[in-house]
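Here the structure comes first, spelled out in structure tokens, and everything after it is commentary.
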Amino acid sequence: MSTAADLPLCSAGRGAGRSCAPSVPEAVQALVLDFDGVLGDTVGQHEDALRAALRPYGVALDSGWYRRHVGLSIHDLLAALPGGQSLPHDEIVQRSRGHLLASVNTLMPIPCVVELLRQTRRAGLPCAVASGASRLLVDPGLDALSLTDMFAAVVRREDVGRGKPDPELFLTAARRLGVAPEHCLAVDDAPDGIRSARAAGMHVITVIDGHLAPAGEDPVPLGPTESIR
């Protein structure tokens, strides 16, 4: 298992002392990260696990549909899945989580995001996780990546009444950090997660093909730099 210090750094955008992590505006006082597809490279694992869990019920999971709904908890996914309302949700959730927990120690990080996290912590800014997934998956995933101690707060789907795209997950993370949402930088890879962070009033960037990138229109420009300040 890798330690945080041993995790690989992203080489994208490097050269001349530049890193792949973006500079953070002075107004930003905290970092709030999604887990799946942001800290951990889990999207393929989650899709495969859900597909396997649905197979005994004769339901085929469309990859395009799944990718459009990445970021939702499995309960919310099943509620949104065409024809999913009639399925035995608890059984499917148990099957899917079993597949995921069996492979948690093979989980790999998203290096650019880990580099941004390191820079933020070196600058003395607090960090939180705001994930639509269950604590049964988020907590072992953070442990597998040896990142648990990097976060002052971890908010999972059970900790709030409404999941993404509602802003409650991100607002709860900001409140636990004691930082106003408008002073937080959020990183999420899914459309619902980006909408959630924007609705919370945070600055937002995303992850595309393993690299940090602008999430459409954002009020504060972000660019690659050598350090967070």
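For the numbers below, each heavy atom of this structure counts, side chains included, while hydrogens, waters and symmetry mates do not. In this chain, residues are counted from 1 in sequence order. Model, not experiment: these values are computed from the prediction.
A donor-acceptor pair is defined here as one N or O able to donate and one able to accept, closer than 3.5 Å; no such pair exists between the side chain of Glu158 and the backbone of Ser134. Within the 3.5 Å criterion, the main-chain N or O of Arg67 finds no donor-acceptor partner in the side chain of Glu47. Judged by distance alone, the side chain of His183 and the main-chain N or O of Gln29 form no donor-acceptor pair under 3.5 Å. Side-chain N or O atoms of Arg157 include one that pairs as donor or acceptor with a backbone N or O of Val160 at under 3.5 Å. A donor-acceptor distance shorter than 3.5 angstrom exists from the side chain of Thr172 to the backbone of Glu168, with no hydrogens or angles considered. Of the possible polar contacts, none joining the Ser196 side chain to the Asp192 backbone as a donor-acceptor pair under 3.5 Å is found. Within the 3.5 Å criterion, the main-chain N or O of Val154 finds a donor-acceptor partner in the side chain of Arg156.
Each of Val179, Leu185, Val32, Val187 was checked for a side chain to side chain contact (heavy atoms under 4.5 Å, CB included) with Met202, and the lone residue meeting it is Val32.
No continuous path of ILVMFWY side-chain contacts below 4.5 Å connects Val104 to Phe151, so the two sit in separate hydrophobic clusters. Placement of Val207 and Leu147 within a single hydrophobic cluster is found when ILVMFWY residues are connected by side-chain heavy-atom separations under 4.5 Å, directly or transitively. Follow the hydrophobic side-chain contacts under 4.5 Å out from Leu33 and you reach Leu212 in the same cluster. Transitive grouping of hydrophobic side chains (ILVMFWY, heavy atoms separated by less than 4.5 Å) brings Leu50 and Val59 into a common cluster.
Nearest heavy atom pair, residue Ala30 against residue Leu177, reads CB-CD1, 3.9 Å.
Lys164 has no carboxylate O lying under 4.0 Å from a charged side-chain N of Asp76, or vice versa, which leaves the two without a salt bridge.
The closest side-chain heavy-atom distance from Asp189 to Asp36 is not below 4.5 Å. Proximity of Leu31 to Leu125: side-chain heavy atoms (C-beta onward) are nowhere separated by under 4.5 Å. Residues Leu145 and Val114 form no side-chain contact, since every pair of their non-hydrogen atoms from C-beta on lies 4.5 Å or further apart. Using a 4.5 Å heavy-atom cutoff, the side chains of Val155 and Val129 are not in contact.
Applying the ring pair (Phe, Tyr, Trp, His ring centres under 6.0 Å) rule to pairs touching residues 51-79 yields Trp65-His69, sequence neighbours excluded.
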- [ ] May I have the step-by-step check of salt bridge (charged side-chain N to carboxylate O under 4.0 Å, His left out) for Asp188 and Arg195, ending in yes or no?
- [x] CA-CA 9 Å; Asp188 205 300; Arg195 284 193 288 270; over 6 Å; no

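In the hydrophobic clustering, where aliphatic and aromatic side chains (Ile, Leu, Val, Met, Phe, Trp, Tyr) are joined below 4.5 Å either directly or transitively, Leu137 groups with Leu100, Leu101.
Heavy atoms of other residues, nucleotides or ligands lying less than 6.0 angstrom from CD of Glu182 number more than 12.
Thr148 and Asp143 share a donor-acceptor pair across their side chains, judged by distance under 3.5 Å alone.
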